[in-house]
Amino acid sequence: EGHAHVGGLGALGRKVDLTGPADLPGTLERIRAWAAAHPQGWVLGRGWNQNRWAGKAFPRAADLDAITGSRPAFLQRVDGHAAWVNSAALAQAGITSKTPDPQGGRILRDAGGQPTGILLDAAVQLVEKHIPEPSAAELEARLKAGLAALRADGFTAVADMGVGARELAAYRRLAAAGALPIRVFAYVNHNHALMLRELKQPRAKALSFFQVQGVKFYMDGALGSRGARLLAPYADEPSTQGLWVTDPAKVALDVSITLRAGYQPAIHAIGDAANRAALDLIAQAMKKGKGALPPRIEHAQIVTAADVARAETLSGRAALAVRLR
């Protein structure tokens, strides 16, 4: 599997699955049933997609409040780039009408400026950081569950995209115990200190059941939550062209560092503006040295004809991984 989030896959069985309902009432009923069966702690879930509902409007905190009460709720969109939260979660994170949008994120607001309960990209972290972290044992269990699910589907190896320090430590414990059912090629989160720590070690040449392969970078968000960065405004939301989740200059610097260290940069870019910027920085970085592994662009969903041609020109030096969904 060339692009997965193993811990997230393993955690799905511990959350309410929102991929099935075709409308908001059906989604709310599934949340209500899960909350009743799991009466303690946060109400957690993933999989809703407002574009499949009549009207295609984003849900609101008020929709959740009636069924979750004072329990905080955090429900990720199907793409993982937006979260639907209730009033209790907004209050716990201290998000009000006066809270500014974080760099690389957006808090959706109503006509009066009040948060609606939808958070995009970097704004998701404003609430997510308040959710209690899993224990080391739970983290290992999630990784094992995700890997087992992949193995059951016939995969023998996986590229785990965006691995943090605690997950790296958990993977290494599992590898030392011989408990990894398939091979794992880890791409660490784009955390400058973490990547520098990992890239100090020469990349493993011999194939093993666990190894750090590269660094995962984010240029933009996703289309369905209006976070993919476009060259022109969204047709259905002309007030925005999407988001730069990370400053392209920062990505350019760390992509170059990753290449020179002999590791592989994997750059999330969905919108045409994000893909153009990714190609720009790849071309610039490779002038300083090709590196042992070619850079990757993850997703590449909207790309101009001119940039497709540029990618073909670069293909002798850089890989363009096109993943449509």
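- Atom NZ of Lys288 has 12 or fewer heavy atoms from other residues, nucleotides or ligands within 6.0 Å.
- Taking 4.0 Å as the cut-off between side-chain N and carboxylate O, Asp23 and Arg52 do not count as a salt-bridged pair.
- The list of side chain to side chain donor-acceptor pair (under 3.5 Å) pairs with a residue in residues 111-128, not counting sequence neighbours, reads His81-Asp121, Gln125-Glu128.
- Using a 4.5 Å cut-off between side-chain heavy atoms of Ile, Leu, Val, Met, Phe, Trp and Tyr, with links allowed through other members, Leu108 and Phe74 fall into different hydrophobic clusters.
- Looking at Trp48 and Gln50, their side chains come closer than 4.5 Å, going by heavy atoms from C-beta outward.
- When all heavy atoms of Ala157 and Phe185 are compared, the closest pair comes out as CB-CE1, 4.0 Å.
- Between His3 and His5, the ring centre distance stays below 6.0 Å.
- Hydrophobic clustering (ILVMFWY, side-chain heavy atoms < 4.5 Å, transitive): Leu231 and Leu279 are in distinct clusters.
- If you check the side chains of Gln213 and Tyr263, you find no donor sitting under 3.5 Å from an acceptor.
- The side chain to side chain contact (heavy atoms under 4.5 Å, CB included) search around Asp17 returns Thr19, Arg30, not counting sequence neighbours.
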Side-chain donor-acceptor pairs under 3.5 Å in residues 99-107, sequence neighbours left out?
residue	atom	partner	partner atom	Å
Thr99	OG1	Gly94	O	3.4
Thr99	OG1	Thr96	N	2.9
Thr99	OG1	Thr96	O	3.4
Asp101	OD1	Ile107	N	3.0
Asp101	OD1	Arg109	NH2	3.0
Arg106	NH1	Glu237	OE2	3.1
Arg106	NH2	Glu237	OE2	2.6

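- The list of salt bridge (charged side-chain N to carboxylate O under 4.0 Å, His left out) pairs with a residue in residues 264-276, not counting sequence neighbours, reads Arg276-Asp307.
- For the residue pair Thr68 and Val43, the shortest heavy atom distance occurs at CG2-CG2, 4.3 Å.
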Next item on the list: Start with the C-alpha distance between Leu243 and Asp220, add both sets of side-chain angles, then the distance that settles side chain to side chain contact (heavy atoms under 4.5 Å, CB included), and finish with yes or no.
Entry: CA-CA 6 Å; Leu243 297 168; Asp220 62 348; 5.8 Å; no
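- Put simply, the side chain of Tyr171 never gets that close to the backbone of Arg166: no donor and acceptor are under 3.5 Å apart.
- Evaluation of the salt bridge (Lys or Arg N to Asp or Glu O under 4.0 Å) rule for Arg151 yields no partner, not counting sequence neighbours.
- The same ILVMFWY cluster, assembled from side-chain heavy atoms under 4.5 Å apart, contains both Val212 and Leu147.
- Between Asp236 and Arg226 there is a salt bridge, with a side-chain nitrogen of the basic residue lying less than 4.0 Å from a carboxylate oxygen of the acidic one.
- Ile257 places a side-chain heavy atom less than 4.5 Å from the side chain of Met195.
- A distance-only check finds a donor-acceptor pair linking the side chain of Asp63 to the backbone of Arg60 [under 3.5 Å].
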Notebook entry, point to check: Between Lys200 and Glu198, is a salt bridge (Lys or Arg N to Asp or Glu O under 4.0 Å) present by the stated rule, with each step listed?
Noted result: CA-CA 5 Å; Lys200 285 180 180 178; Glu198 290 296 325; over 6 Å; no
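- In this structure, Asp160 contributes its side chain and Val6 its backbone to a donor-acceptor pair below 3.5 Å.
- Residues Ala83 and Val124 come closest through the heavy atom pair N-CG2, 3.8 Å.
- Scanning both residues, Leu230 and Gly271, for their nearest heavy atoms gives CD2-CA, 3.9 Å.
- Heavy atoms only, all atoms of each residue included: Leu293 and Leu259 are closest at O-CD2, 3.5 Å.
- There is a path of hydrophobic side-chain contacts, each under 4.5 Å, that joins Val255 to Trp244.
- Distance check: Glu298 CD to Ile267 CD1 gives 9.0 Å after rounding to the nearest 0.5 Å.
- Both Val184 and Leu150 are members of a single hydrophobic cluster when ILVMFWY side chains are connected at heavy-atom separations under 4.5 Å.
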Next item on the list: Starting from the C-alpha separation in whole Å, work towards a yes-or-no answer on side chain to side chain contact (heavy atoms under 4.5 Å, CB included) for Arg77 and Asn49.
Entry: CA-CA 6 Å; Arg77 193 177 181 277; Asn49 183 355; 2.8 Å; yes
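- Between Leu64 and Ile31 the shortest side-chain heavy-atom distance falls below 4.5 Å.
- Looking at Pro295 and Gln264, their side chains never come closer than 4.5 Å, going by heavy atoms from C-beta outward.
- By the 4.5 Å heavy-atom criterion applied to side chains, Thr27 and Trp53 are counted as neighbours.
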Next item on the list: For Arg71 and Trp42, run side chain to side chain contact (heavy atoms under 4.5 Å, CB included): C-alpha distance rounded to whole Å, both residues' side-chain angles, the deciding distance at 0.1 Å, then the answer.
Entry: CA-CA 6 Å; Arg71 292 178 66 186; Trp42 284 64; over 6 Å; no
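- Minimum interatomic distance between Phe210 and Leu168 (heavy atoms only, all atoms of both residues): CZ-CD2, 3.9 Å.
- For the pair Ser225 (side chain) and Gly221 (backbone), a donor-acceptor distance under 3.5 Å is absent.
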Notebook entry, point to check: Met219 and His268: side chain to side chain contact (heavy atoms under 4.5 Å, CB included), yes or no, with the steps?
Noted result: CA-CA 6 Å; Met219 298 296 293; His268 167 115; 5.5 Å; no
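- In this structure a side-chain-to-backbone donor-acceptor pair under 3.5 Å is present from Asp247 to Ala249.
- Val215 is not listed as a side-chain neighbour of Tyr187, based on a closest heavy-atom distance of 4.5 Å or more.
- Leu194 is not listed as a side-chain neighbour of His190, based on a closest heavy-atom distance of 4.5 Å or more.
- No donor-acceptor distance shorter than 3.5 angstrom exists from the side chain of Gln284 to the backbone of Ala252, with no hydrogens or angles considered.
- Annotation: side chain of Leu24 is in contact with side chain of Leu28 (closest heavy-atom distance under 4.5 Å).
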Taking distance alone, no hydrogens or angles, what donor-acceptor pairs closer than 3.5 Å link side-chain atoms of residues 132-144 to residues at least two apart or in another chain?
residue	atom	partner	partner atom	Å
Ser135	OG	Glu138	N	3.1
Glu138	OE2	Arg14	NE	2.7
Glu138	OE2	Arg142	NE	3.0
Glu140	OE2	Arg173	NE	2.5
Glu140	OE2	Arg173	NH2	3.2

